Amino acid sequence: MGVMGVMGVNSDISNAPLATAASKVVNACADELWVQLQAREPYYRNRAGLLIDQLPTGSLEEAEKESAASRQILGKLRSIDHAELSRSDQVTTKFLLHMAEEGKQVATEWWDSFPVTPYMAIIGLRAHFQHVFLSFKFNGAVDFERYLSLLSDYENLVRNCTEKVCLMAERGWRISCPALPGARKSIMGLRTAAPSALRPSSDRLGYASELPAGWIDRMEGLVKQIITAFDQLNSVFDGEYERHAPLVVGMMHQPGGAEAYDRAIRRHLTESVDPVQLHETGKGEVARITDAMAQLRGAQGWSRSEREFHDVLLHSPRSYAQSPEEVRMRYQSYIDRMVPWLPKLFHKLPSAPYDIARLAPEAEPGMTYGYYEAPAQAGDAGVYYYNGSDLDGRLQLTAASVILHELMPGHHFHISRQVENAGLPIIRREVTELSVFNEGWAEYAASLGVEAGVYDDPY
C-alpha cells in the first residue's frame with residue numbers, strides 16, 4: 001500500500017460500479033471497525049460528535065476484547081475474492097487488513113508498551129483532560145451523573161496504569177534508567193494539572209439549579225481519589241524499581257524485546273524488515289547528512305573540527321530563544337515564508353485553519369519538542385503545541401524543519417486533506433495511525449523548504 005492508499009484519491013462516485021458481494025463485505029467491515037473505534041476511543045467519538053459516556057480502562061481484558069474483535073474482522077476480509085473489488089476497495093481492504101492485523105496483536109503488545117512515558121501519557125492520560133473533561137457540556141441534570149461516571153472511569157484508568165507497570169515489572173519489563181525521570185515528571189505534571197482540569201468551573205455549571213444534592217461533595221471525592229491514584233502510580237518508580245531497570249534505552253534490552261521490536265517495525269512500516277538492515281539504513285542516512293554538513297561548513301570557511309563547530313553552536317545566543325513567545329514567533333516566521341509557496345507546490349490546499357500554541361505546563365517536562373493535534377471538529381484549527389520550557393538548554397536550530405514537518409505542509413496538510421476527501425470511507429478519512437506514511441510525508445514536506453528558501457541560513 002503506497003502513500004496514496006493512506007491519503008486517498010478523489011474518486012468519481014457517480015461512475016462507481018454496482019457493489020459486488022466482496023465490496024459489500026469490505027464496506028461492512030469498514031463500518032464495523034469504525035464503530036468499534038468510536039466505542040473505545042473518546043477521540044473518535046468526539047470527532048464524530050457523539051456523546052462520550054465512558055473512558056477506556058487500559059486493562060488487559062480490554063485489550064483482549066479488541067484482539068478478539070479484530071480476529072473476527074480478519075476472517076471476514078480473508079474470505080472475499082479480491083478480484084471482484086474496484087481499485088479503491090482494494091486499497092480500503094489492504095488498509096482494513098493492516099488495522100485488523102495490528103488489532104489482533106493488541107493483547108500481546110499490551111505487555112510491551114509503557115503507559116506513563118511522556119508521549120504515551122499525553123495519548124492515554126492527558127488527552128482526556130482536554131477532549132473529555134474541559135470540553136464537557138452540562139446541558140441538563142443527566143449530565144451531572146455522566147460527569148461523575150467519567151471521573152470514576154478516569155480513576156480506574158490511572159489505577160490500571162499502576163497495575164500494568166507492576167505486572168510488566170514482574171515480567172522483567174521496566175522503564176530504563178535514563179527514561180525514568182521523564183516518566184516521573186509526566187506523572188507529577190498530570191497530578192498537578194488534574195484538579196483544575198477535572199473540577200468544572202462554576203460558569204460551566206449552567207444548570208446549577210438542577211445540581212443534584214451532594215453532587216459537589218461526590219465530585220470532590222472522586223478528584224481526590226484520582227490525585228491519590230497518581231501518587232500511588234508515581235510511588236511504583238522507587239529505588240527498588242530503578243535498581244532493576246535497564247541501564248540503556250531500547251526494547252531490545254527487555255526480555256523478549258527482539259520479538260517486540262519486530263512487531264513494532266511491522267506496525268509502523270506495514271511490512272517486516274530485518275532490524276539490523278533497518279539500523280544500517282539509518283546509519284547510512286546519518287553518514288550522508290554528516291557529509292553534507294561538513295561540505296556546508298567548508299563552504300562557510302570553517303576549517304576546524306566538527307566537534308569545535310558544535311561547541312560554537314551550543315554557546316551561540318542565536319541558538320536559543322529567550323522566551324516561549326519567541327519560540328512561537330520563530331515557528332511562525334518559517335510558516336509565513338512557506339505559505340506563499342504552497343499554491344505553487346500543490347494543486348489543492350486544505351481548508352482547515354492551523355495555529356501554533358504552547359504545550360500545557362504539565363505536559364512539557366520530559367518532552368523534547370511537542371506534537372501536532374488535528375482539528376477536533378469541522379471549523380477547528382489543527383495546532384502544533386510546542387515546548388516552551390527550559391529554553392536556556394533547548395536548541396532552536398531545527399525550528400524550521402520541525403514546524404514544516406509538524407504543521408504546513410506536514411502533518412496538518414496531510415491529515416486535513418485526508419479528512420476532507422469525501423471520496424473515501426469515513427474510517428480512511430479519520431484514521432492516521434500509519435507511521436511510515438505519516439512521518440514519511442512530513443519529512444518530504446519539510447524538505448520542500450529547500451525549494452522555498454526557508455533553509456537559506458547555513459546555520
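Please read these numbers as outputs of a predicted model, since none were measured by experiment.
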- Query: Side chains of T270 and K94: donor-acceptor distance under 3.5 Å anywhere?
  - Reply: no

- Message: Between R330 and Q396, do the side chains contain a donor N or O and an acceptor N or O under 3.5 Å apart?
- Response: no

- Message: Apply side chain to side chain contact (heavy atoms under 4.5 Å, CB included) to residues C166 and V236 and explain how you reach the verdict.
- Response: CA-CA 7 Å; C166 289; V236 172; 3.9 Å; yes

- Message: Go through it in stages, so that I can follow the logic: the residues are T398 and Y369, the test is side-chain hydrogen bond (donor to acceptor under 3.5 Å, both in side chains), and I'd like the CA-CA distance, side-chain angles, deciding distance and then a yes or no.
- Response: CA-CA 10 Å; T398 58; Y369 291 96; 3.2 Å; yes

- Message: Which heavy atom of A321 sits nearest to which heavy atom of L391, and what is that distance?
- Response: O-CB, 3.6 Å

- salt bridge (charged side-chain N to carboxylate O under 4.0 Å, His left out) contacts touching residues 120-133 (sequence neighbours left out): R126-E362

- Message: Taking the ring of Y371 and the ring of Y119, is the distance between their centroids below 6.0 Å?
- Response: no

- Parallel, tilted or perpendicular: rings of Y154 and F129 (30°, 60°): tilted

- Query: Within a radius of less than 6.0 Å around NE2 of H279, do more than 12 heavy atoms belonging to other residues, nucleotides or ligands occur?
  - Reply: no

- Query: Is it the case that more than 12 heavy atoms not belonging to E308 sit under 6.0 Å from its CD atom?
  - Reply: yes

- Sub-4.5 Å side-chain heavy-atom contact between Q225 and L151: no

- Atom pair OG1 (T290) and NZ (K283), whose distance is rounded to the nearest 0.5 Å: 12.5 Å

- Message: Does this structure show an ion pair linking R267 with E109, if we count only N-O contacts that are shorter than 4.0 Å?
- Response: yes

- Between R428 and T92: side-chain donor-acceptor atoms closer than 3.5 Å: yes

- Taking the inter-plane angle between the rings of Y384 and Y331 on a 0 to 90° scale, is it parallel (under 30°), tilted (30 to 60°) or perpendicular (over 60°)? perpendicular

- If the plane angle is over 60° it's perpendicular, under 30° parallel, otherwise tilted; pick one for F114 and W173. tilted

- Which of R47, Q38, Q418 passes side-chain contact (heavy atoms from CB on, under 4.5 Å) with E430? Answer is R47

- Is the shortest heavy-atom distance from the side chain of K164 to the side chain of W110 under 4.5 Å? yes

- Message: Does F346 have more than 12 heavy atoms from other residues, nucleotides or ligands lying within 6.0 Å of its CZ?
- Response: yes

- First locate atom CG of N46, then atom CD of Q130, and finally report the distance between them rounded to the nearest 0.5 Å. 9.5 Å

- Message: Any heavy-atom pair between the side chains of L60 and E163 that's under 4.5 Å?
- Response: no

- Message: Looking at E364 and R394, is any side-chain nitrogen of the basic one under 4.0 Å from a carboxylate oxygen of the acidic one?
- Response: no

- Can R40 and E62 be said to form a salt bridge (Lys or Arg N to Asp or Glu O under 4.0 Å), step by step? CA-CA 9 Å; R40 65 175 179 260; E62 186 178 68; over 6 Å; no

- Does the ring of F309 carry R297 above it, NZ/CZ under 6.0 angstrom from centre and within 45° of its axis? yes

- Message: Just by distance, no angles: are the side chains of E439 and H405 close enough, under 3.5 Å, to form a donor-acceptor pair?
- Response: yes

- Note on the structure: Contacts of R266 meeting side chain to side chain donor-acceptor pair (under 3.5 Å) (sequence neighbours excluded), chain-then-number -> none

- Item | Residues K104, E64: salt bridge by 4.0 Å N-O rule | no

- Test R429 against E420 for salt bridge (Lys or Arg N to Asp or Glu O under 4.0 Å), laying out the working first. CA-CA 7 Å; R429 296 202 302 269; E420 294 164 10; over 6 Å; no

- Message: Evaluate H131 against Y43 for side-chain hydrogen bond (donor to acceptor under 3.5 Å, both in side chains), listing each step before the verdict.
- Response: CA-CA 7 Å; H131 297 302; Y43 172 79; over 6 Å; no

- Item | Audit row: R328, E325, salt bridge (Lys or Arg N to Asp or Glu O under 4.0 Å) steps and yes/no | CA-CA 5 Å; R328 191 197 68 77; E325 178 59 18; 3.0 Å; yes

- Query: If every non-hydrogen atom of C177 is compared with every non-hydrogen atom of L247, which pair is closest and at what distance?
  - Reply: SG-CD2, 4.0 Å

- Query: R318 and D457: salt bridge (Lys or Arg N to Asp or Glu O under 4.0 Å), yes or no, with the steps?
  - Reply: CA-CA 12 Å; R318 66 177 295 174; D457 182 339; 2.3 Å; yes

